[in-house]
Amino acid sequence: DIYDTLNKSKYKKNFEVIIINDGSNDKTKNIILEIINKYNNLRFIDLKLNYGKAYALDVGIGDSLGEIIVTMDSDLQYSAKNIITMINKLYEGYDLINGLRIKRQDSIFVKFFSFIYNIFLKFLFGLNTKDIFSGLKVYKKEIYNLIDYTGMARFIIFYCKKYNFNFTEIQIDHSNRKYGKTSYNFLDKIILSLKDIFSLVFCIYLGREKYYQLKQTINSIFLILAIYQFFKIFLFKSIVFSNLILLLIIFIIFIIFDNIVSSFYSSKIKSNINFIKKQFIEK
């Protein structure tokens with residue numbers, strides 16, 4: 001459907017379709033290998049391990065040849081005809097077009113959770129977008145190239161806001177999921193949401209430089225408080241053990257937290273994608 005829609009449009013000579021198999025153990029790979037030779041612009045990337053949607057997007061976008069990226073979930077809930085409309089809209093002077101699922105065909109639980117989560121993120125980060133995590137987006141690759149970390153492509157709207165790119169939403173079709181079902185329960189969604197917020201804060205709104213400045217500020221405050229306590233002990237012979245213990249506990253907690261954040265930054269370096277592509281991909 002995607003291929004046929006694009007092939008019948010004015011963009012028929014300037015597109016490629018990249019299908020990514022994220023380590024699935026169903027018949028996806030065999031089906032794609034059977035049809036891949038029938039289409040000139042169809043490419044297939046087979047991840048040997050399951051890295052998740054975020055990393056799969058990184059691999060596909062990083063391997064793409066064009067200047068305009070279209071990301072679309074493979075659960076058949078999105079219509080290929082909306083892609084043409086969104087690309088046309090992009091050429092009106094926008095850098096990103098987000099698909100707004102106006103009649104979303106998901107369960108009441110999924111829609112309610114998504115509604116609350118979108119409101120929270122819009123309030124927290126000042127976004128006017130109504131459907132932040134829509135599975136259909138069209139944008140310029142130059143925005144993606146500004147991302148320094150792996151697994152952040154699905155936060156592309158936040159990068160648009162950070163770097164003042166021009167983006168908008170248009171209404172798109174959304175259908176019931178025909179095959180399979182989501183593997184996320186309520187607890188999974190809560191954990192994923194917390195991970196998302198952690199990633200947004202430390203990768204987009206802080207980044208390494210601002211976090212380093214924040215860490216230096218906190219270290220300076222601890223140093224000042226420690227010097228103050230020692231002055232009280234040696235000059236005024238005043239010892240408040242509870243204050244010293246509290247200060248030590250807070251400092252230890254900060255050290256642990258800093259190690260977690262530092263490990264997080266290291267694991268997010270975009271060069272990891274090159275390792276994945278070299279070791280675990282077949283084309």
Side-chain angles (χ1 to χ4, degrees), residues 1-87 90 96-97 99 133-145 147 149-156 172-175 177-184 269-283:
D1 187 33
I2 298 174
Y3 185 92
D4 290 338
T5 299
L6 288 169
N7 203 40
K8 293 175 182 177
S9 73
K10 60 183 177 182
Y11 306 110
K12 62 182 180 181
K13 294 183 180 180
N14 298 294
F15 78 91
E16 61 177 347
V17 176
I18 301 176
I19 300 175
I20 303 167
N21 179 33
D22 186 29
S24 64
N25 53 12
D26 55 18
K27 297 180 181 179
T28 299
K29 180 178 179 179
N30 294 333
I31 293 172
I32 296 301
L33 291 178
E34 287 178 5
I35 67 173
I36 193 169
N37 293 325
K38 298 179 182 179
Y39 301 96
N40 295 327
N41 299 339
L42 178 63
R43 293 201 287 131
F44 177 51
I45 296 177
D46 184 37
L47 298 180
K48 293 303 180 183
L49 300 177
N50 179 259
Y51 291 98
K53 176 182 175 180
Y55 290 91
L57 279 174
D58 274 332
V59 173
I61 296 170
D63 206 54
S64 64
L65 303 176
E67 297 300 322
I68 294 177
I69 302 298
V70 179
T71 57
M72 184 176 184
D73 291 346
S74 59
D75 52 17
L76 302 181
Q77 289 190 277
Y78 298 90
S79 173
K81 68 180 183 180
N82 291 134
I83 294 175
I84 306 302
T85 305
M86 295 172 77
I87 295 175
L90 194 78
L96 180 146
I97 310 296
F133 293 110
S134 169
L136 180 57
K137 291 179 173 61
V138 177
Y139 51 89
K140 295 179 180 178
K141 194 175 183 179
E142 63 179 288
I143 305 173
Y144 174 80
N145 291 336
I147 300 176
Y149 308 101
T150 60
M152 300 296 289
R154 65 197 200 92
F155 301 123
I156 196 76
I172 60 171
D173 301 314
H174 194 249
S175 305
R177 187 167 182 170
K178 295 182 179 180
Y179 306 103
K181 61 180 180 179
T182 180
S183 59
Y184 292 104
I269 296 299
K270 212 169 186 179
S271 59
N272 290 346
I273 289 297
N274 294 327
F275 172 77
I276 293 173
K277 289 175 67 174
K278 288 178 182 178
Q279 301 294 328
F280 300 109
I281 292 179
E282 274 189 6
K283 290 185 183 178

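All figures in this text were calculated on a predicted structure; none of them were measured in a lab.
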Item to check | CA sep, side-chain torsions, deciding dist, call: Tyr144, Asp58, side-chain hydrogen bond (donor to acceptor under 3.5 Å, both in side chains) | outcome: CA-CA 9 Å; Tyr144 174 80; Asp58 274 332; 2.7 Å; yes
Checklist entry - When you look at Met86 and Val70, which way does the side chain to side chain contact (heavy atoms under 4.5 Å, CB included) test go after all the steps? => result CA-CA 9 Å; Met86 295 172 77; Val70 179; over 6 Å; no
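Here the closest heavy-atom approach between residue Thr71 and residue Tyr139 is recorded as CG2-OH, 3.6 Å. Of all heavy-atom pairs spanning Ile18 and Gly60, the tightest one is CD1-O, 3.6 Å. Closest non-hydrogen pair, Ser79 versus Leu136, comes out as O-CD2, 4.4 Å. Minimum interatomic distance between Ile69 and Ser64 (heavy atoms only, all atoms of both residues): CD1-OG, 3.4 Å. Here the closest heavy-atom approach between residue Ser134 and residue Gly99 is recorded as OG-O, 2.7 Å. For Arg154 against Ala54, the heavy-atom pair with the smallest separation is CD-CB, 4.4 Å.
Annotation: side chain to side chain contact (heavy atoms under 4.5 Å, CB included) contacts of Leu42 (sequence neighbours excluded): Val17, Ile19, Ile35, Ile36, Tyr39. Partners of Lys137 under the salt bridge (Lys or Arg N to Asp or Glu O under 4.0 Å) rule, at least two apart in sequence or in another chain, do not exist in this structure. Here Ile68 pairs with Leu90, Tyr91, Val138 under the side chain to side chain contact (heavy atoms under 4.5 Å, CB included) rule; sequence neighbours left out. By the side-chain hydrogen bond (donor to acceptor under 3.5 Å, both in side chains) test, Asn21 is found to be paired with Ser24, Asp46, residues two or more places apart in sequence or in another chain being considered. Under the salt bridge (Lys or Arg N to Asp or Glu O under 4.0 Å) criterion, Glu142 pairs with no residue at all, not counting sequence neighbours.
In this structure a side-chain-to-backbone donor-acceptor pair under 3.5 Å is missing from Asp173 to Asn82. When atom types are taken as modelled, the side chain of Asp22 and the backbone of Asn50 share no donor-acceptor pair closer than 3.5 angstrom.
Note that OH of Tyr55 and CE of Met152 are 10.0 Å apart. Values are rounded to the nearest 0.5 Å. From Glu67, atom CD reaches atom NZ of Lys141 across 7.0 Å, with rounding to the nearest 0.5 Å. Here CZ of Arg43 is found 4.5 Å from CG of Asp63. Values are rounded to the nearest 0.5 Å. Atom CD1 of Ile61 sits about 7.5 Å away from atom CD1 of Ile147, to the nearest 0.5 Å. How far OH of Tyr78 is from CG of Asp73: 5.0 Å, rounded to the nearest 0.5 Å.
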All N/O donor-acceptor pairs, side-chain side in residues 6-15, below 3.5 Å, sequence neighbours left out:
residue: Ser9; atom: OG; partner: Leu6; partner atom: O; Å: 2.7
residue: Ser9; atom: OG; partner: Tyr11; partner atom: N; Å: 3.2
residue: Tyr11; atom: OH; partner: Asn88; partner atom: OD1; Å: 2.5

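Contact annotation: the side chain of Leu96 approaches that of Ile156 to within less than 4.5 Å [non-hydrogen atoms, C-beta and beyond].
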